[in-house]
S.K.: 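Please find one structure pasted underneath; my questions will follow.
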Amino acid sequence: SQQGEEDPQALSIQEGENATMNCSYKTSINNLQWYRQNSGRGLVHLILIRSNEREKHSGRLRVTLDTSKKSSSLLITASRAADTASYFCATDGQAGTALIFGKGTTLSVSS
Amino acid sequence: ETGVTQSPTHLIKTRGQQVTLRCSSQSGHNTVSWYQQALGQGPQFIFQYYREEENGRGNFPPRFSGLQFPNYSSELNVNALELDDSALYLCASSLDGRGDYGYTFGSGTRLTVV
């Protein structure tokens, strides 16, 4: 079963615009992670936010976490064509041994 | 520092056959997890190995089995292949058995069962 659900399923923007993706989950977590996947290949770890953190930054990425609402958001500022990919949120489950992924948001950035 | 390496990259098998997929973990990582990703879906957890012991298993039948070796590399074996086993199989390694520092994924093995 999938715990994380990303919204929207697909997003198309122009270069330079900001992209915001949301993720909701169902059970309590230790941490939430965001990954990027290009063209159905391997996932690249973007950022991890722990349950006691509310916001985290990494370069052009900003992640927020609201444990009371069981939701997270990923903001990519000043998007580039190279940001075109699928983005997944993942939460830890089964006592932390497994990542539970949503179906992902497909981001298309056009120049 | 090398990342996670998976082999082969692509594989075509016939229904009923058996397949072995291989994964070399990132240097310094002692935990390997395997995921199955069907087209258009998010990855689904198959199982995890921590220091050569199975450390968690997802909702997959026993014909999915694995091994972890003393150098922390790993194999995923699937017996009696079914058409629905066609997917991208991803291996991920981490520093600990809980993934508290994130996972490093390989590029995956694309398995097609015909």
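Every heavy atom of this structure was used, including side-chain atoms; hydrogens, water molecules and symmetry mates were not.
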S.K.: Quick check: do Pro43(B) and Tyr35(A) have side-chain heavy atoms less than 4.5 Å from each other?
M.R.: no
S.K.: Does atom CZ of Arg60(A) have more than 12 heavy-atom neighbours, drawn from other residues, nucleotides or ligands, at distances under 6.0 Å?
M.R.: yes
S.K.: Below 4.5 Å, heavy atoms only, C-beta onward: do Arg41(A) and Phe105(B) meet side chain to side chain?
M.R.: no
S.K.: Going by heavy atoms in the side chains, are Leu99(A) and Gln44(B) under 4.5 Å from each other?
M.R.: no
S.K.: Would you say the ring centers of Phe101(A) and Tyr35(B) fall short of 6.0 Å from each other?
M.R.: yes
S.K.: Please rank Gly108(B), Gly102(B), Ala92(B) by heavy-atom pairs under 4.5 Å with chain A and give me the top one.
M.R.: Gly102(B)
S.K.: Please indicate whether Glu53(B) has more than 12 foreign heavy atoms, meaning atoms of other residues, nucleotides or ligands, lying under 6.0 Å from its CD.
M.R.: no
S.K.: Under 4.5 Å between side-chain heavy atoms, counting indirect links through other Ile/Leu/Val/Met/Phe/Trp/Tyr residues: same cluster for Leu48(A) and Leu61(A) or not?
M.R.: no
S.K.: Contact part of Leu43(A) toward chain B, heavy-atom cut-off under 4.5 Å: side chain, backbone, both or neither?
M.R.: both
S.K.: Should Val114(B) and Leu83(B) be counted in the same cluster of Ile, Leu, Val, Met, Phe, Trp and Tyr side chains packed under 4.5 Å apart?
M.R.: no
S.K.: Using non-hydrogen atoms and a 4.5 Å limit, figure out which bit of Gln37(B) sits close to chain A: side chain, backbone, both or neither.
M.R.: side chain
S.K.: So if you build clusters from Ile, Leu, Val, Met, Phe, Trp, Tyr with side-chain heavy-atom gaps below 4.5 Å, do Leu67(B) and Tyr89(B) land together?
M.R.: no
S.K.: For Glu15(A), is the CD atom crowded, meaning more than 12 foreign heavy atoms sit under 6.0 Å from it?
M.R.: yes
